[in-house]
Amino acid sequence: MSLLEIRNLSVEFATASGAFRAVDGVDVTVDQGDLMAIVGESGSGKSVSMLALMGLLPWTATITADVMTFDGRNLQKISPRARRQIVGRDISMIFQEPMSSLNPCFTVGFQIKESLRLHTDLTRRQRHDRAVELMTLVGIPAPEKRLSAFPHQLSGGMSQRAMIAMALACRPKLLIADEPTTALDVTIQAQILELLIELQETTGMALILITHDMGVVAETVQRVSVQYAGQRVEEQPVTDLFENPHHPYTAALLAALPERATERHLPTIPGVVPGQFDRPQGCLFSPRCRFADARCRAEVPVRANAGMGFALCHYPLDKGVPQPRKDTA
Amino acid sequence: MFSFLLRRLLTFVPTFFGVTIVAFAFIRLLPGDPILLLAGERGVSPERYNELAAQFGFDRPMWVQYFEYIGGIFQGDLGTSFVTKKPVLDEFFALFPATLELAICAITLAVVLGIPAGVIAAVNRGKFFDQALMSTALVGYSMPIFWWALLLIIVFSSGLGWTPVSGRISLLYFFDTPTGFMLIDSLMSGQKGAFVSAISHLILPTIVLATIPLAIIARQTRSAMLEVLGEDYVRTARAKGLAPLVINGVHALRNAMIPVITVIGLSVGTLLAGAILTETIFSWPGIGKWMVDSIFRRDYQVVQGGLLMIATIVMVVNLTVDVLYGLINPKIRKG
Ligand SMILES: Nc1ncnc2c1ncn2[C@@H]1O[C@H](COP(=O)(O)OP(=O)(O)OP(=O)(O)O)[C@@H](O)[C@H]1O
Ligand SMILES: [Mg+2]
């Protein structure tokens with residue numbers, strides 16, 4: 001049985017100008033010790049789908065799903081109280097902005113020990129020792145001293161390390177890292193990613209890495225789910241995905257990688273992710289797809305099978321060539 | 001922390017001198033000759049006029065008068081009342097506990113009700129409680145104090161007969177007042193019913209004086225909370241699985257308190273201004289009523305000294321608030 005299973009997750013926001021569907025029928029499956037990435041451009045609903053799982057969306061969000069289970073428990077059925085016992089202990093999340101994600105009024109030590117106080121029976125002394133251990137684990141120098149530091153005294157990289165220490169406090173089974181390096185210096189980015197991967201290996205927890213950087217994905221994860229405009233458009237093991245992307249969007253993302261560029265200019269994907277008011281009729285990617293035809297613009301595509309990377313496309317690619325669908329009528 | 005305190009103390013000095021100049025100039029720039037006004041309808045003979053002017057020092061140049069005044073301040077001499085012939089400072093300290101007692105009760109009421117009300121309103125943003133509370137706060141904020149005081153007196157004192165109309169305690173009780181705080185002294189006197197009487201006298205003035213600060217604190221708490229609740233670290237707190245009470249009451253409120261503390265400090269000034277009206281309406285024998293009476297009596301030494309004392313108190317409170325602010329906001333403490 002999978003650790004996390006989400007089927008057909010949709011999130012709709014009530015906005016002043018009507019309902020907006022930020023996540024549209026997304027599936028996520030994560031096994032124990034899995035290392036997967038969710039990739040997509042800004043606004044494709046990566047954060048929102050994970051926040052829905054965590055129960056962290058504002059009340060304007062309506063969440064629907066056919067299945068949403070974690071560790072055998074149905075997250076849709078349990079009480080808010082029971083959910084709070086899972087969130088923060090078995091599932092943790094770290095965020096894009098480490099500096100603003102720490103509470104400026106409390107010391108780092110307080111904020112790490114707080115989770116321990118809430119979710120474990122450790123004594124005061126044991127909590128302190130565990131906090132020092134965690135700080136050492138995430139590579140913060142002089143951990144004893146840093147425990148009494150306030151967040152504004154830490155650099156961005158240190159803050160993100162502290163956030164990771166906080167997230168790991170109760171030995172979670174699943175860690176969700178939402179663009180953990182986007183706000184950091186390039187040199188620090190690599191360090192933090194390395195740290196996350198190393199921690200994933202040593203602790204055996206599952207890790208979902210949210211990113212919009214295909215380059216990061218190649219070296220780090222096992223499986224990639226590509227999201228576009230709130231939909232999962234493709235999912236494959238990472239080597240297969242890089243060798244043979246089946247969705248034109250994935251292919252375009254890969255082509256935009258600097259190390260893959262064959263010409264002097266980087267190819268880019270023209271246009272932007274559709275928002276609330278410019279959602280196309282048929283396939284959501286059709287306005288930006290170089291293979292799109294009339295059918296793509298009119299009809300909503302059906303998902304392909306696992307062999308074709310679950311591509312949400314009328315003409316999934318094979319070796320870069322669009323194929324007529326064999327699995328549907 | 002220490003250098004922060006020192007810096008704040010240094011800014012205190014020029015402010016204090018500014019206030020002395022204002023208080024000094026205030027009574028001298030007012031239209032009318034204080035000696036003639038003091039003499040009243042009967043007038044005064046030129047010899048007597050010169051004698052009085054010499055006695056009060058009005059015959060010397062302004063700057064000499066100012067330096068004598070400053071010199072006096074540093075010896076603890078704020079002048080002598082024209083009317084009672086007692087030192088201004090003695091009168092001030094005799095009356096100040098009454099005002100302090102009222103002010104402490106009022107600010108406590110305002111904080112104890114205002115902060116939770118603002119938090120609950122923010123957490124239930126847009127719902128019935130929020131809208132009801134914010135409308136009430138707006139009414140409270142814009143209501144004329146004397147009208148509100150009279151309304152309360154008409155309903156609770158005249159109509160229902162629940163509370164007395166004026167004074168600090170019923171005339172039935174008589175005892176020493178070593179602390180000057182009626183609540184404490186009445187308890188210590190051991191006389192039956194004295195404490196209850198003191199409380200019943202305090203209720204209406206406290207409510208009246210607390211109204212505006214209460215409205216301000218509730219509104220400020222609400223808006224500060226609304227801002228803080230959207231912050232990333234509140235999301236982090238929720239991601240830990242903390243209960244809503246802890247998230248709102250610890251993580252969010254601690255940050256929201258930073259602007260609220262400032263507002264509480266500023267409302268001490270409002271409170272002292274409000275005390276002047278409230279004390280007059282309820283015949284509360286504090287410095288507010290004392291100042292008003294002195295103005296009507298043209299007792300300029302008292303007005304001058306009282307102004308300086310009130311301004312100093314406001315400054316000291318603001319200094320305290322700044323220090324508190326530094327304690328609650330780690331960024332400033334280290335800065
Ligand atoms: N509280 C909200 N109310 C209304 N719309 C929202 C809300 N939160 C997010 N959205 C919208 O949902 C869409 C998906 O947002 P999301 O943050 O999940 O994107 P993302 O894929 O994480 O992008 P990024 O790479 O920028 O983080 C966006 O168009 C965003 O404007
Ligand atoms: Mg995001």
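Fair warning: this is a prediction, and the values are worked out from it, not measured in the lab. Each chain gets a letter, A, B and so on, in the order the sequences are listed, and its residues count up from 1.
- In B/L10, the CG atom is crowded: over 12 heavy atoms of neighbouring residues, nucleotides or ligands sit closer than 6.0 Å.
- If you measure heavy-atom distances from B/V250 to chain A, the contacts under 4.5 Å come from both the backbone and the side chain.
- Neither the backbone nor the side chain of A/I94 comes within less than 4.5 Å of any heavy atom in chain B.
- Contact check for A/M166 versus B/K240: side-chain heavy atoms found under the 4.5 Å cut-off.
- Residue-environment remark: CZ (A/R117) exceeds the threshold of 12 foreign heavy atoms within 6.0 Å.
- In this structure, the separation between CG on A/L57 and CZ on B/R235 is 10.0 Å, given to the nearest 0.5 Å.
- Here the side chains of A/N103 and B/N255 are in contact, with some heavy-atom distance below 4.5 Å.
- In this structure the side chain of B/D232 never reaches within 4.5 angstrom of the side chain of A/F95, judged on heavy atoms.
- Counting heavy-atom pairs closer than 4.5 Å to chain B, the top residue among A/G88, A/G55, A/P80 is A/G88.
- Just one of A/S101, A/P151, A/P104 meets the side chain to side chain contact (heavy atoms under 4.5 Å, CB included) condition when paired with B/Y233; it is A/P104.
- Contact check for B/P244 versus A/R84: side-chain heavy atoms found under the 4.5 Å cut-off.
- The minimum heavy-atom distance linking A/H119 with B/G241 is given by the pair NE2-CA, 4.5 Å.
- The closest side-chain heavy-atom distance from B/L242 to A/L118 is below 4.5 Å.
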Open item on the list: Applying side-chain hydrogen bond (donor to acceptor under 3.5 Å, both in side chains) to B/H251 and A/Q111, what does each step give before you reach the verdict?
Closed with: CA-CA 10 Å; B/H251 281 263; A/Q111 297 186 56; 5.3 Å; no

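- In B/Y141, the OH atom is not crowded: 12 or fewer heavy atoms of neighbouring residues, nucleotides or ligands sit closer than 6.0 Å.
- With respect to chain A, the highest number of heavy-atom pairs below 4.5 Å among B/A252, B/A237, B/A243, B/G230 belongs to B/A243.
- Interface check for chain B: of the options A/E114, A/R83, A/Q85, A/M99, the most heavy-atom pairs under 4.5 Å are formed by A/E114.
- Between B/R238 and A/V87 the shortest side-chain heavy-atom distance does not fall below 4.5 Å.
- Annotation for A/Q76: atom CD counts as buried by contact number, over 12 foreign heavy atoms lying within 6.0 Å.
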